[in-house]
Enquirer: 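Have a look at this one.
Just so it is clear, the structure is predicted and the values come from calculations on it, not from any experiment.
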Amino acid sequence: MLNKIGGQTIKFGYRLLLFISILWGIVSIGYGTTLIDTLNTYGYILAFLTIFFLISQTAQNFLKKAVALVYRYRYLTILALLIYQLVIILSNSVLVYGDTTAIIANIQHLGDNNYFSAFPNNLLYGLYVKGLYHLVGMKYLVLVQELINIFILDISIVAFSKNIEKNFDRQIAAIYFILSVSLIGLHPQFLSTYTDYWSYFTATFVCITSIKIIVGNVKLKDYISLAIFIGLGYLIRPTIMIYAIALAFALLLRVMLSSDKQITVKVIKGLLTMAIGLVIFTGVMSAVKKTDILTYRSGYDKNLAYFFDLGLTSTGAAHVELPPEALDQNSPDEVVEPLIAKDIKARLKHYSLKQAVTKFKIAFQEGNLGWRIEHPVSFLKFQKNKVTSKFIDSKFGQKIRNYIFFQGSNFSNLDFFLQIIWITMIFGIIYQLFSVIKSNNFSMIQLFLALSILGAFMYLMVFEAGRSRYLISFLPVLILMSAFGYQSKGGNIHETEN
């Protein structure tokens, strides 16, 4: 009876995720169509090639071989990607307006020094930035952060691809690799020195160790890795708990369905490991809060109710619509919490399905990961130093900015390319969900991926969203599920022989 109820619940969850994914695909295609009128010649060539690959079996076969070839020479591909990323950084090193400027101002004791009290989730990142600030100074601070961004990004792509190939097969690894390079490796978002890439990095290695635990190919170092990256990830962005909950659910279900004592022991070790990692890292951070390394005062942090209220605003992230006193970082909890509670009640009375759909579109439709919404060029300061000055001031640097920032006349080409990859990823997810539901094959790995993705959508629809940048933390599972989908749909990708 319990198995039957559990099976029906899992099927319902998969069907719900399929419905969400189809809606996601529809709004993403809708956004993509709005870009067509803004394309230039290169953009129209890209659009033509996309249509050609959709209708031509020969072109699709060529694409499969190309994907296999790129993966076969993946280290050369990563080298080429690294050169591209370095060119972007050297010619466009910028301090983007937002939390990054607030963090830098606070470590320099400029402006409002209560930032970390209001947003303690950025304390660890503040320590990281402050450490770099004392090592390299303000002139090189942003440049070094951007270089670290691309290092952890590229390492993540290579490491997870290798893990996928070892635990599944080369075909899935190849698809994962090419989608990751195309969607996030080529994206100029790495210029933004915030927590996105560190959350992507920690999420990737949580996925790597989670897969090893689920498939049973786990060693002591993997448990240690899981503890480190769960704990570290929680301090960088608490949404890492969605991965932890998905893993815990998958492991517990595996124990229920198996009588193997060794599996039970491994599951217990995995659950204890996550708990130990969280306890150790939160304990260390609690100790740091009591020091004067960064300015922190208890009783000022914006709690979940604040972000729930923010999620109810017109865009899902319209801070200006919240009560002014609640926005003030110097307003204590006893002032903010009653205001937020009252504001939530008022918003819920008028909240509608139309508003929820609008929030969904804004939060998930853009393959540019919110780069257009972030409007980085509107509020930025180029970080000129001995390394970057000549590149930034060069005509070549100006030409590049015309392509990677949305005010540039050629940005729509990049936007359209990223949207194609975004839609490609979504369709792979839809293929996989259809395949799993049709075959009734609810494996533990598939369950872990599905729960992580469903958890991400539910969290972002309840709390703050407002741009697809918030999905960066979940790209490892999104792209992996998509890779599974294309494998189940298209057959094998054959290696190209020398």
Side-chain angles (χ1 to χ4, degrees), residues 42 45-46 49-50 53 59-92 146-191 196-197 200-201 203-205 207-208 211 367-369 371 400 403-404 413-425 427-428 472 475-487 490 492-498:
Y42 298 112
I45 292 172
L46 179 60
L49 287 174
T50 303
F53 280 118
Q60 291 174 24
N61 292 335
F62 170 79
L63 186 61
K64 290 178 183 180
K65 292 177 180 179
V67 168
L69 184 64
V70 168
Y71 184 68
R72 183 174 188 175
Y73 297 102
R74 56 192 174 278
Y75 294 112
L76 285 177
T77 302
I78 287 294
L79 179 60
L81 176 64
L82 181 62
I83 293 169
Y84 160 84
Q85 292 167 334
L86 287 171
V87 169
I88 298 293
I89 286 173
L90 291 175
S91 56
N92 297 278
E146 290 166 341
L147 292 174
I148 292 172
N149 273 357
I150 61 173
F151 174 75
I152 60 176
L153 168 62
D154 296 349
I155 286 291
S156 298
I157 294 172
V158 171
F160 202 12
S161 299
K162 184 177 180 180
N163 174 263
I164 293 166
E165 181 176 355
K166 183 177 180 181
N167 287 289
F168 306 114
D169 67 33
R170 193 175 182 85
Q171 177 187 6
I172 298 172
I175 299 170
Y176 178 89
F177 180 81
I178 198 70
L179 285 175
S180 297
V181 168
S182 300
L183 183 59
I184 193 167
L186 296 175
H187 197 300
Q189 180 81 33
F190 51 73
L191 290 171
D196 298 294
Y197 284 89
Y200 173 82
F201 174 71
T204 297
F205 281 89
C207 285
I208 288 172
I211 288 170
N368 60 45
L369 303 175
W371 194 237
I400 289 176
Y403 283 87
I404 66 171
N413 296 331
L414 174 63
D415 202 359
F416 188 66
F417 169 77
L418 293 171
Q419 196 65 20
I420 290 170
I421 303 301
W422 188 248
I423 293 168
T424 301
M425 178 188 73
F427 271 52
I472 289 177
L475 284 179
V477 284
L478 289 167
I479 297 175
L480 179 54
M481 179 167 274
S482 182
F484 273 112
Y486 282 111
Q487 183 214 33
N492 292 327
I493 294 176
H494 300 287
E495 282 281 304
T496 303
E497 298 294 331
N498 285 330

Enquirer: Apply the test side chain to side chain contact (heavy atoms under 4.5 Å, CB included) to residues Cys207 and Val477: give CA-CA distance (whole Å), side-chain angles for both, the deciding distance (0.1 Å), then the verdict.
Expert: CA-CA 8 Å; Cys207 285; Val477 284; 3.7 Å; yes
Enquirer: Identify the two heavy atoms, one from Ser482 and one from Gly428, that lie closest to each other, and give their separation to 0.1 Å.
Expert: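 What the structure gives for the nearest pair is OG-CA, 3.4 Å.
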Enquirer: CD1/Ile472 to CG/Leu369 distance, rounded to the nearest 0.5 angstrom?
Expert: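 That separation rounds to 5.0 Å.
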Enquirer: When rounded to the nearest 0.5 angstrom, what is the spacing between OG in Ser161 and CG in Leu480?
Expert: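 If I round to the nearest 0.5 Å, the distance is 10.0 Å.
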Enquirer: In Å and rounded to the nearest 0.5 Å, what is the CG to CG distance from Asp196 to Leu153?
Expert: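 Those atoms lie 11.5 Å apart.
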Enquirer: Verify side chain to side chain contact (heavy atoms under 4.5 Å, CB included) between His187 and Leu183, making sure each step is shown before the conclusion.
Expert: CA-CA 6 Å; His187 197 300; Leu183 183 59; 5.8 Å; no
Enquirer: Strictly distance-based, threshold 3.5 Å: is any side-chain N or O of Asn163 a donor or acceptor partner for the main-chain N or O of Lys166?
Expert: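 Here the side-chain-to-backbone pair does not exist.
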Enquirer: If we ignore hydrogens and angles and just use 3.5 Å, is the side chain of Thr424 paired with the main-chain N or O of Ile420 as donor and acceptor?
Expert: yes
Enquirer: Work out which heavy atom in Ile479 is nearest to a heavy atom in Ser180; give both atom names and the distance.
Expert: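 Here Ile479 and Ser180 meet closest at CD1-OG, 3.6 Å.
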Enquirer: Count the heavy atoms of every other residue, nucleotide or ligand shown that sit under 6.0 Å from CZ of Phe151, and state whether that count exceeds 12.
Expert: no
Enquirer: On a heavy-atom basis, which atom in Leu81 and which in Gly185 lie closest, and how many Å separate them?
Expert: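 Heavy atoms of Leu81 and Gly185 come nearest at CD1-O, 3.4 Å.
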Enquirer: Side chain to side chain contact (heavy atoms under 4.5 Å, CB included) with Leu147: which residues, sequence neighbours excluded?
Expert: Leu86, Ile89, Leu143, Ile150
Enquirer: Taking the side chain as everything from C-beta on, heavy atoms only, tell me whether Ile211 gets closer than 4.5 Å to Phe168.
Expert: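 Sidechains of Phe168 and Ile211: in contact.
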Enquirer: Is there side-chain contact between Met425 and Leu475, with heavy atoms separated by less than 4.5 Å?
Expert: yes
Enquirer: Please give me the minimum heavy-atom distance between Arg170 and Tyr71, naming the atom from each residue.
Expert: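 Result for this residue pair: CG-CE2, 3.8 Å.
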Enquirer: Could you give me the CA-CA distance, side-chain angles and deciding distance for Gln85 and Asp154, then say whether side chain to side chain contact (heavy atoms under 4.5 Å, CB included) is met?
Expert: CA-CA 10 Å; Gln85 292 167 334; Asp154 296 349; 2.7 Å; yes
Enquirer: Would you mind reporting whether Asn368 and Phe416 have side-chain heavy atoms less than 4.5 Å apart?
Expert: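 No, every pair of side-chain atoms sits at 4.5 Å or beyond.
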Enquirer: I need the single residue from Asn413, Asp415, Ile421 that forms a side-chain contact (heavy atoms from CB on, under 4.5 Å) with Phe417. Which is it?
Expert: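 Running side-chain contact (heavy atoms from CB on, under 4.5 Å) over Asn413, Asp415, Ile421 with Phe417 returns exactly one hit, Ile421.
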Enquirer: So how far is it from Ile208 CD1 to Ile164 CD1, rounded to the nearest 0.5 Å?
Expert: 8.0 Å
Enquirer: Would you say that Leu414 contacts Pro188 through its side chain, given a criterion of any heavy-atom pair below 4.5 Å between the two side chains?
Expert: yes
Enquirer: Does the side chain of Tyr197 reach to within under 4.5 Å of the side chain of Ile148, using non-hydrogen atoms?
Expert: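 No, every pair of side-chain atoms sits at 4.5 Å or beyond.
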Enquirer: Would you say the side-chain atoms of Thr77 pair up with the backbone N or O of Val70, donor to acceptor, closer than 3.5 Å?
Expert: yes
Enquirer: Look up atom CD1 in Ile423 and atom CG in Leu418, then write down how far apart they are to the nearest 0.5 Å.
Expert: 11.0 Å
Enquirer: Determine, step by step, whether Arg74 and Val181 satisfy the side chain to side chain contact (heavy atoms under 4.5 Å, CB included) criterion, reporting the C-alpha distance in whole Å, the side-chain angles of both residues, the deciding distance to 0.1 Å, and the verdict.
Expert: CA-CA 10 Å; Arg74 56 192 174 278; Val181 168; over 6 Å; no
Enquirer: Would you say the side chain of Asp169 lies within less than 4.5 Å of the side chain of Gln487, judging by non-hydrogen atoms?
Expert: yes
Enquirer: So, do Ile157 and Tyr200 sit near enough that their side-chain heavy atoms are less than 4.5 Å apart?
Expert: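 Result yes, sub-4.5 Å side-chain heavy-atom pair found.
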Enquirer: How far apart are the C-alpha atoms of Tyr176 and Glu165, what are their side-chain angles, what is the distance that settles it, and do they pass the side chain to side chain donor-acceptor pair (under 3.5 Å) test?
Expert: CA-CA 10 Å; Tyr176 178 89; Glu165 181 176 355; over 6 Å; no
Enquirer: May I ask you to test the Tyr75-Val158 pair for a side-chain heavy-atom distance under 4.5 Å?
Expert: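 Side chain of Tyr75 against side chain of Val158, heavy atoms only: contact under 4.5 Å found.
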Enquirer: Are the aromatic rings of Phe205 and Phe201 close, with centres under 6.0 Å apart?
Expert: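 Yes - the distance between ring centres of Phe205 and Phe201 falls below the 6.0 Å cut-off.
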